[in-house]
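Residue numbering restarts at 1 for every chain, and letters A, B, ... go by the order of the sequence lines.
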2 protein chains.
Amino acid sequence: MAATSAGKTYHHGDLRNALICAAVDLATEGGPERVVLREAARRVGVSPTAAYRHFDGRGELLRTVRTHARRELAAAMERAAAREPGADDPGLAAERRVTALCRGYVGFAVEQPGLYRAAFCVPGPAVDEPLPVRPPAEPEILAFTLLREALEALAGQGAARPGGRPATAAAAWSAVHGLSLLLVDGPLRRLSAQRRGVVVEATLAMVVSGAAVG
Amino acid sequence: MAATSAGKTYHHGDLRNALICAAVDLATEGGPERVVLREAARRVGVSPTAAYRHFDGRGELLRTVRTHARRELAAAMERAAAREPGADDPGLAAERRVTALCRGYVGFAVEQPGLYRAAFCVPGPAVDEPLPVRPPAEPEILAFTLLREALEALAGQGAARPGGRPATAAAAWSAVHGLSLLLVDGPLRRLSAQRRGVVVEATLAMVVSGAAVG
DNA sequence: CTGGAATGTTCATGCGGTTAACTTCGGGCA
DNA sequence: TGCCCGAAGTTAACCGCATGAACATTCCAG
């Protein structure tokens with residue numbers, strides 16, 4: 001996330017992007033509250049008001065960072081799933097994928113607390129129902145989509161209550177999201193890596209057992 | 001939470017409390033970010049800097065609000081548990097208590113989103129391990145303590161893995177906490193009351209099934 | 001009484017968001 | 001080719017907030 005450098009011209013040439021990079025850096029360092037318009041401008045070497053040529057204000061800058069952070073989160077989940085062995089065994093594949101995605105989610109939160117918090121700062125787009133709208137869905141909540149699809153695949157094997165599916169996905173999301181926040185920001189933030197692992201695994205067990213029930 | 005009124009004397013008489021009430025009102029209305037020193041002082045009818053005679057600064061005021069909010073949260077949980085019928089049947093009592101506490105938790109979050117968010121704003125005291133330290137524990141994280149004890153009672157019946165107990169409590173907490181945030185602040189905030197109920201129940205089912213496993 | 005400790009007040013500083021008015025550049029059109 | 005306009009930056013200024021310093025008013029203990 002190094003700012004794109006340009007000559008010392010009056011016109012920057014790529015200010016919008018440079019500001020986004022600076023803002024992402026800020027969020028990475030200290031979370032959404034540290035995303036400050038003036039500071040981003042300072043880092044890029046431009047006057048504070050220049051940012052207004054490219055963003056509606058701090059709010060839009062922050063929303064842009066949020067989008068970036070959500071993409072990173074989803075990417076981390078997919079990386080974790082891809083890294084997962086055992087995708088060959090079709091019997092276990094579904095469950096392994098779910099747990100891998102969840103580990104990727106929590107792992108991202110723990111390793112990038114600032115970005116993770118930024119991913120859920122200002123209220124973004126909301127869903128009307130946690131249902132399995134497959135086709136497009138907003139790319140915004142990609143993390144949820146990944147999780148939901150994996151859970152459907154898992155439930156598809158067993159015989160789960162039909163109406164319970166989307167709610168189950170929401171429950172799983174709740175678990176990993178809540179766990180992440182407790183670990184990053186909350187009362188569990190001081191857990192040793194080992195204990196943290198134990199809690200993560202317990203949560204995953206809960207999610208999987210819940211998927212079987214739901 | 002009405003401010004304690006006093007005559008128009010130079011000395012307020014109970015400024016600290018009045019400021020706390022005003023700050024709690026602010027948090028109730030708009031969450032922790034709306035807890036602004038100057039506004040609280042304004043509402044109490046006092047100059048902004050007067051607050052510094054009673055608080056170290058905005059931070060301490062906010063921390064005081066947080067403590068208040070956490071107490072309210074725990075109280076709401078206990079009310080919900082007390083309201084729960086079926087405490088007579090010892091076989092179901094434990095499970096019912098767990099679900100009632102969780103419903104109380106989420107219910108408080110949904111009904112008092114501002115206060116709920118304030119309860120987890122600035123990082124408060126953290127636990128070293130999510131273990132069943134029975135005796136005192138910090139009264140801060142009372143909500144967690146309530147949940148943990150109820151889960152222990154539940155697990156005490158079945159034969160759960162001994163080491164898994166505290167981690168199970170953390171997992172359950174993660175679920176209700178995450179669900180609350182998604183409903184209050186996050187992508188699930190637009191769910192109708194009915195759908196919300198479905199998601200809550202699915203999450204509770206997951207928590208209970210997880211307690212059986214853990 | 002009276003003097004100091006509490007408790008409030010007024011000023012002043014610095015930061016961050018945002019708007020208004022002015023400046024510089026780059027590129028398309030006469 | 002040269003000029004002019006609009007995009008992209010700049011400076012100046014306003015407002016609200018947190019906070020510190022110095023001053024004012026009360027209250028109460030001795």
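Regarding contacts with the backbone of C:dA6, every side-chain N or O of B:His54 stays at 4.0 angstrom or more from both OP1 and OP2. Taking 4.0 angstrom as the limit, B:His12 places none of its side-chain polar atoms (N or O) nearer than this to OP1 or OP2 of D:dT26.
Per the geometry, CZ belonging to B:Arg53 stands 12 Å off C1' belonging to D:dT25, to the nearest Å. Protein atom CG of B:Leu19 is 12 Å distant from nucleotide atom P of D:dA18, rounded to whole Å. Atom pair B:Arg34:CZ and D:dA18:P shows a separation of 14 Å (rounding to whole Å applied). When rounded to the nearest whole Å, the span between CZ of B:Arg16 and P of C:dG8 equals 12 Å. Taking atom CG of residue B:Leu61 and atom P of nucleotide D:dT19, one finds them 10 Å apart after rounding to whole Å. Here the C1' atom of nucleotide C:dG16 and the CZ atom of B:Arg58 are 14 Å apart, to the nearest Å. Rounding to whole angstrom units, CD of residue B:Glu39 and P of D:dC15 are separated by 18 Å. B:Glu33 has its CD atom 16 Å from the C1' atom of D:dG16, to the nearest Å.
Listed candidates were D:dG20, C:dG8, D:dG9. Nearest to the side chain of B:Tyr52 is D:dG20. Of the listed nucleotides (D:dC17, C:dG16, D:dG9), C:dG16 has the atom at the smallest distance from the side chain of A:Arg38. Here C:dG16 is the nucleotide among C:dT9, D:dT10, C:dG16 with the atom lying nearest to any side-chain atom of A:Arg42. Considering only the side chain of A:Thr49, C:dT19 comes nearest among C:dT9, D:dT19, C:dT19. For A:Leu15, taking side-chain heavy atoms from C-beta onward, the closest of the listed nucleotides D:dT19, C:dT18, D:dG9 is D:dG9.
Below 30°, between 30° and 60°, or above 60°: for B:Tyr105 and B:His177 the angle between ring planes is above 60°, a perpendicular geometry.
In this structure, the side chain of A:Arg189 engages the main chain of A:Gly186 through a donor-acceptor pair within 3.5 Å. The backbone N or O of A:Val122 sits less than 3.5 Å from a side-chain atom of A:Arg66, completing a donor-acceptor pair.
By the side chain to side chain donor-acceptor pair (under 3.5 Å) test, A:Glu60 is found to be paired with no residue, residues two or more places apart in sequence or in another chain being considered.
With the nearest nucleotide of DNA chain C identified for both B:Ser47 and A:Leu37, B:Ser47 has the one nearer the 5' end.
The CZ atom of B:Arg79 sits 12.5 Å away from atom CG of B:Leu101, with the distance rounded to the nearest 0.5 Å.
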